[in-house]
Every structure is written in structure tokens, then in C-alpha cells.
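First the structure, in the form of C-alpha cells, and then the observations on it.
Quick note: residue numbers are just sequence positions, from 1. Values in this document were obtained by computation on a predicted structure and should not be read as measured data. Atoms considered below: every heavy atom in the structure, side chains included; atoms not considered: hydrogens, waters and symmetry mates.
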Amino acid sequence: MANHPKVIHSDPDILGGIPVFVGTRVPVQNLIDCLEAGDSVDEFLTSFPSVTREQAVSALEIAREALDSIAHSH
């Protein structure tokens, strides 16, 4: 996997350990939910202004790389 800046954080003291964007209390799942609902990344960023575009794009790249890794391991 490529080296990404740390954009996702999990801490038991923040939302019970749900993965969030670093420096926020916004769960990464919110980005996935918005995209599944047909919203754009821009709409997500408008709804969650504490998340930067770079964080959102990096999180999506991490997810893509993880899926590629899983697909190629089978």
C-alpha cells in the first residue's frame, strides 16, 4: 500500500472507537454513507466542514487500495 498521511483515527474515548477523520469527530462511515446515497464528495464536505478534501480523498484511496489488496490475495 502507498504511504498516506494519517487521516483515520480510532480511539476508545472518541465515539467509542469508531474510526473518525483525524482532528474531527466525523466517522469515516459518514463519507461512505453519503457516497452510497448518491451525494458527491463536495456535498459531504459541505455537510462536514471539519473534514478536508485531502482527508476525504486519502480515505477513499486507502479503501481502494485495501479492496485491491483483498481482491488480489484470492
Closest non-hydrogen contact found for A59 with F21 is CB-CE2, 3.8 Å
Report the distance from atom CD1 of I32 to atom CG of L60, rounding to the nearest 0.5 Å.
-> 7.5 Å
For the student: nearest non-hydrogen atoms of A56 and L31, plus distance | O-CD2, 3.8 Å
Would you say the side chain of D68 lies within less than 4.5 Å of the side chain of R64, judging by non-hydrogen atoms?
-> yes
Fellow cluster residues of V20, listed by chain then number, with links counted only when side-chain atoms sit under 4.5 Å apart = I14, L15, I18
For E54, which residues count as a side-chain hydrogen bond (donor to acceptor under 3.5 Å, both in side chains) partner, sequence neighbours excluded?
-> none
Euclidean distance, S58 OG relative to K6 NZ, rounded to 0.5 Å = 11.5 Å
In residues 43-52, what donor-acceptor pairs under 3.5 Å come from side-chain atoms, sequence neighbours left out?
from	atom 1	to	atom 2	distance (Å)
E43	OE1	S40	N	2.6
E43	OE1	S40	OG	3.4
T46	OG1	D42	O	3.0
S47	OG	E43	O	3.2
T52	OG1	Q55	N	3.0
T52	OG1	Q55	OE1	3.4

